[in-house]
Number of protein chains: 2
Amino acid sequence: MMSEGTVRPGGRTARVREAVLRAAGDLLAERGFAGLDLAEVAQRAEVGKTTVYRRWGSATGLVADLLVEMADSSVSRTETGSLLGDLRTNAHLVRRTLVDERQGALFKAVIAAATCDARTAAALHAFYATRVGEWAPCVTAAIERGEAPVGTDPHEVIRAVSAPLYYRLLASGDPLDEASAERAAAAAEAATRAGAFVR
Amino acid sequence: MMSEGTVRPGGRTARVREAVLRAAGDLLAERGFAGLDLAEVAQRAEVGKTTVYRRWGSATGLVADLLVEMADSSVSRTETGSLLGDLRTNAHLVRRTLVDERQGALFKAVIAAATCDARTAAALHAFYATRVGEWAPCVTAAIERGEAPVGTDPHEVIRAVSAPLYYRLLASGDPLDEASAERAAAAAEAATRAGAFVR
DNA sequence: ATCATAACGGGACTCCTGTTCCATTAAGTC
DNA sequence: GACTTAATGGAACAGGAGTCCCGTTATGAT
């Protein structure tokens with residue numbers, strides 16, 4: 001994790017952070033969390049090994065900072081006008097991310113790192129809170145349109161779309177094909193209409 | 001992973017395997033995958049360090065063998081007579097497992113290990129295929145009773161129950177309270193009735 | 001009971017991760 | 001542009017993970 005009181009954040013410090021996080025992301029995507037060697041990160045980032053150890057301390061610390069960076073980079077979101085349409089868009093977006101060679105491996109690695117360290121876990125949870133929060137409004141709108149019962153928890157609906165896809169990625173290993181994204185969206189929508197997510 | 005052609009599996013070899021897997025499980029639950037030190041495993045199992053390295057080779061190899069052991073130990077399953085009842089039983093069983101101090105940490109660690117190694121991932125997938133397969137019959141029975149549409153994929157229904165719970169454990173960090181298990185079962189049942197899991 | 005050898009155990013050895021020390025570079029200030 | 005010092009980089013160092021060698025133990029076969 002970055003130290004809090006950085007006195008000289010400009011110029012070089014920022015460049016070093018960018019280069020190191022980029023190298024760390026590449027390496028995580030290529031070899032997974034167990035294969036994250038800080039010395040190699042330093043070499044790829046063309047930065048002194050000492051710098052990496054001093055600023056981030058450990059592999060989990062580096063991943064935690066990477067997650068802060070990932071949470072900051074927001075993606076734009078479109079509205080289709082129907083709950084099912086929005087959930088399908090979300091499901092396919094998540095699926096494409098997880099299927100992507102680099103992104104999918106990166107997510108796996110980051111989640112693995114979070115299971116090993118409390119701080120990294122906190123950063124991961126914050127990341128997902130941000131992402132889920134970005135999509136929640138489309139459920140709120142659906143409630144207002146009468147497509148979902150009053151009292152439905154918007155966050156729970158969004159999580160319900162992602163959950164089956166992550167389960168496949170991390171646990172069961174079943175293929176993350178387009179049909180799985182369609183089912184995830186359809187199931188979440190059906191459960192929502194049935195009131196399964198009413199608080 | 002165990003070497004295939006074991007010529008003398010009896011007596012000592014079996015005792016060593018049992019002691020090592022037990023120690024590995026304990027250590028994984030206590031410190032997570034990143035903290036799995038094979039030398040310490042050997043010490044706790046009162047076994048030579050060389051033996052652990054020779055037979056399992058690496059941390060991921062050890063976890064893979066542990067997963068084989070976990071898949072072999074089956075849990076009995078009761079039938080309540082209704083789809084929702086069976087799914088609720090399943091959801092609460094999974095929740096209790098993941099919330100349990102030792103078991104929950106162990107599952108996290110095992111999943112982390114699987115993201116780092118193809119063989120370990122294969123063992124994990126086999127483990128879940130076994131577990132899901134054990135519960136699928138209750139969905140088949142529900143279809144025969146007319147509680148679910150013909151053509152519903154039983155495996156998909158069972159996975160849909162677990163998925164939100166694992167998502168909370170690994171990604172979002174939201175609490176795994178009893179309400180979350182209820183919602184998981186209710187959502188899966190509603191989606192099933194709506195035909196979201198028809199092939 | 002005897003034998004061949006699979007499997008284990010201890011200790012030495014190697015290599016690599018992570019730390020420490022100090023010289024060098026450049027950010028921020030005047 | 002000169003100055004202070006935060007931040008970086010290189011090199012030497014220490015500690016531990018993983019390997020190798022070879023003697024010892026105990027399994028399974030006769």
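Residue numbers start from 1 in every chain, and the chains themselves are labelled A, B, ... in the order their sequence lines are given, proteins ahead of strands. Only this structure's heavy atoms are used, side chains among them; waters, hydrogens and symmetry mates stay out.
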Assess whether atom CZ of B:R131 is packed by more than 12 heavy atoms of other residues, nucleotides or ligands within 6.0 Å.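 More than 12 within 6.0 Å, yes.
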Take atom CD in A:Q103; do more than 12 heavy atoms of anything else shown fall under 6.0 Å from it?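 Buried by this count: over 12 neighbours within 6.0 Å.
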Short side-chain N/O contact from B:R54 to OP1 or OP2 of D:dG18, under 4.0 Å: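 No, outside the criterion.
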Distance check needed: [N] [atom2] versus [X] [atom1], whole Å only.
{"X": "B:E18", "N": "C:dC8", "atom1": "CD", "atom2": "C1'", "value": "17 Å"}
{"X": "B:E46", "N": "C:dG10", "atom1": "CD", "atom2": "P", "value": "11 Å"}
{"X": "A:R15", "N": "D:dA7", "atom1": "CZ", "atom2": "P", "value": "14 Å"}
{"X": "B:R55", "N": "C:dA7", "atom1": "CZ", "atom2": "C1'", "value": "8 Å"}
{"X": "B:E40", "N": "D:dA17", "atom1": "CD", "atom2": "P", "value": "9 Å"}
{"X": "A:D37", "N": "C:dC16", "atom1": "CG", "atom2": "C1'", "value": "8 Å"}
{"X": "B:W56", "N": "D:dA17", "atom1": "CH2", "atom2": "C1'", "value": "18 Å"}
{"X": "A:Y53", "N": "C:dT17", "atom1": "OH", "atom2": "P", "value": "7 Å"}

Measuring from the side chain of [X] (C-beta onward, heavy atoms only), which nucleotide among [options] has the closest atom?
{"X": "A:R12", "options": "C:dC8, D:dC21, D:dA7", "answer": "D:dA7"}
{"X": "B:T50", "options": "D:dC20, C:dA27, D:dG9", "answer": "D:dC20"}
{"X": "B:K49", "options": "C:dA12, D:dT8, C:dC8", "answer": "C:dA12"}

Evaluate the ring planes of B:F107 and B:F127, with Trp represented by its six-membered ring, and classify them as parallel (under 30°), tilted (30 to 60°) or perpendicular (over 60°).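 Ring orientation of B:F107 relative to B:F127: tilted.
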Is the closest basic N to carboxylate O distance between B:R88 and B:E178 below 4.0 Å?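 Looking at B:R88 and B:E178, the cut-off is not met.
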For A:G48 and B:L38, take the nucleotide of DNA chain D holding the closest heavy atom to each; which residue's nucleotide lies nearer the 5' end?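 Between the two, 5'-proximity favours A:G48.
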